[in-house]
Each structure stands twice: as C-alpha cells, then as structure tokens.
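Whatever order the structure lists them in is the order used to number ligands and atoms, beginning at 1. Note that the structure is predicted; figures quoted are calculated from it, not measured.
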Amino acid sequence: MTTPVMATYGRLPVRFSHGEGVWLIDEQGERYLDALSGIAVCGLGHAHPAVTEAIAGQAGRLVHTSNLYAIENQERLAQKLVELSGMDSVFFGNSGAEANEAAIKIARATGHARGIELPKIAVAEGSFHGRTLATLSATGNPKVHAGFEPLVQGFVRFAYDDIEALERIAVNDADVVAVLVEPILGEGGVVVPGKNYLAELRALCDRNNWLMMLDEIQTGMGRTGRWFAHQHAGVLPDVMTLAKALGNGVPIGACLARGEAAQALKPGTHGSTFGGNPLACAAALAVIETMEDEGLVERARDKGKRLREQLSEALRGLNCVREVRGQGLMIGIELDRPCTELVARAIDKRLLINVTADRVIRMLPPLIVDDDEIGMIVGTVRELIAEWNAGD
Ligand SMILES: Cc1ncc(COP(=O)(O)O)c(C=O)c1O
C-alpha cells in the first residue's frame, strides 16, 4: 500500500492496534513479545494503568498553556528530577535531539561567557545524539552525516572508551569547553566502556575545566539498573540529557544542568513551545512515581542480570555469537557477521528486537518484564540465531 507519509523509515510489515504490559497486539489479534519497548521508551510497558490514568486525567483538565506562564506539573517534575540526579535545574523539550540541542547551546554559551570566541565540544566516534543538524553533526557515524553536509562546526572527535585520545585533545585544543558522551553506546552497538571510564572522564573534565555532558537518553530512567547509568560510577556530570523513557511514550525531553552550566542559558536565549507542557509532565510524573512504587530500577538490575545470564548460557556453543553484553535491561548480542535480517525473522516468531551496528542484536525490554517472559525471550532468541547460523 502506498502512503503519503514521507519515506524516512524502512518499516516492517506489521501494524499494532494495542498493547498490554510487554505485549503488543496486531490488527489480526496476534501477540508479539516486545523486547525493544519502542527503542527504550515504554519502560513501564504498554498501557500501564497509572500512566493512562495520569494522561487521561490531565487531558480532561488542561493539555497546554504556554511557557509564558508558570506550570505546576513542570515545576514538580523538575523538582523530582533534580532530587533523583543531584543536578540543579532542568530545561524541558520534546525529544532527545532537542534535549541535546539544549546541552550543545549550554556548552557554547559557557564557552562564550569564558571569552572563547568559537568554543568546541568533544564527541565520541560511534555515538548517536539525534537527527537535527547540530545533533547529527555531533553524532559519530558518517552514515548519519551523509547527504546533509555541511555539518555544524565546533565538534572534535575522539575514540570512545579511550581516555588517552581525550587527553590528546586537551593538550592540543584550548577551545574545547565540553565533552558530550553516552555512558553506554546505544545505537553504536551497546558498547559498555571500561569500569573506570566515567570516573576518569570526570577527573579529566575537572583538570581541564570542561563540562562533562552525558547523553542518558537511552541509558536513563532505570534502564541500566540505576536511575541514570553514570550513578554506577559514582560521578556527577555537569549536564545530562534525558528523553525516551521519561514519558513512557508521551514526547518529552529534558536537559539537566549543575553549577556554572545551570547558569548558562539566560531568559530569552532558549525555548520550546510545547516543552514541559502540563500533559507531558503529568505523564512523566506518573512514570517516576510508578517506578518508585514498583521498585522498577532495582527490578531492571535483577531482571537484566537474569536475562544476560540466561542468554549467555543458552547461546553457549553457537559459534557465531561473539559476546553477550550490557548493563541492566540494555542488552547486546554481538554476532560474527551482519545480521539485520534477524529483525524480520524475529517478527515471524512474534518477538520484537532490533539490530544496531550491523551485527549487534539489541534488546531493551520493558522494566516490568517477568521471569516467564524472560524465558520466552531467551528461547526465541536461541532458536532464531541457531536457525540463521545453520543457513535455514
Ligand atoms: C543516546 C541517544 N541520544 C539521542 C537520541 C535522539 O533522540 P530522539 O530520537 O528523541 O530525538 C537517541 C535516539 O535514539 C539516542 O539513543
């Protein structure tokens, strides 16, 4: 069927009509186990009653006013986020890219305030930060740049998980004011850096007076078994961006800042019509409350460990499997060759997964996933890889 929707996505031939917990149901009534959560968005699963009630209740009272006026839900959500993160203040937008745009502007404004004419931001190879012009320019993947040059200037690249590469930039480039990095590369193939990477990065930023800016858009909101992935390392960034799971599917993005970075954007220098409106903030408040009530951060840690252990066990002996890795419920299975066709094959088996970096199966199941569902994911993934490897 042709459609006037612009052809920016390669779509899979399935249409979902509704969801229940970790399950999505298509128009024919077939049930699919969603091990992807809309790419790390629906952490509470589909149609969680607490989120549904919050959205419906707020929609019946007030959807939008404007950032010309004070917004109670926005203030409550900002308060909650600063308490959970130890940051000072929050700017709200509608997406991950928009949250990262705010971070980029904060870095540049900080540089200008320090008297640097053309401030630069260090960004990692293999990273993904969004599809707007500034965020695609920050992204460390030439495929994302292709066809959209000239790129936005002011980014210098370094190899991920290599502190010495950053030390070299510090020595050679006095215009760098910030580093923007994902705690775990998501789109880049679920790459988990060495245990000390973030602590060393924090120390390097302190030595060079750089802002440490963490893109937690995929890793945040409990996904890795802490509210924010950097909390595993016991460090505090200067800037952190969130989106995806914050609204469980209601669009919302947030850029949190601390200290000097929190002072960078002055009245009238940044804004967003919809950013932080009463509806989106009601959804996000319900998400956080439910995560606290249901202990979902700890659950992500426990269930993630269980899923990774069971996968490692089940896939042992399959010679095409290079590694099972991840943190919490952010999981990658690296195979020895490109395997993008596994996504469609998994759909035939009623399982939703994704492949990144050509050869890494990525799974980001809802944080509410239970042991039976974990068993089903493991069984199906094993069968899927074994059949594919045998050339069936
Ligand atoms: C780490 C990271 N940053 C930024 C983005 C961009 O977010 P959005 O698509 O909401 O603009 C993504 C999306 O996949 C992401 O994974």
Does an N or O from [X], backbone or side chain, lie closer than 3.5 Å to an N or O of ligand 1?
X	value
Glu182	no
Asp215	yes
Ala97	yes

message: Grouping I, L, V, M, F, W and Y whenever their side-chain heavy atoms are under 4.5 Å apart, do Leu367 and Leu24 come out in a common cluster?
response: yes
side-chain hydrogen bond (donor to acceptor under 3.5 Å, both in side chains) with Thr224: of Gln231, His232, Gln327, only one passes, and it is His232
key: Charged N-O contact under 4.0 Å between Glu309 and Lys305   = yes
- Query: Any salt bridge between Asp371 and Arg306, counting N to O under 4.0 Å?
  - Reply: yes
Say whether Asn100 and ligand 1 are in contact under the criterion: heavy-atom distance to a ligand atom below 4.0 Å. yes
heavy-atom search around atom 8 (P) of ligand 1 in the protein gives Gly96 N, 3.5 Å
Looking only at non-hydrogen atoms, the one of His129, Lys244, Arg131 nearest atom 13 (C) of ligand 1 is Lys244
Mark up the atoms of ligand 1 that fall under 4.0 Å of a heavy atom belonging to [X], in ascending order.
X	answer
Ile217	2 (C), 3 (N), 4 (C), 5 (C), 12 (C), 15 (C)
Gln218	16 (O)
Ser95	10 (O), 11 (O)

So for Ala243 against ligand 1, with non-hydrogen atoms under 4.0 Å, the contacting part is neither
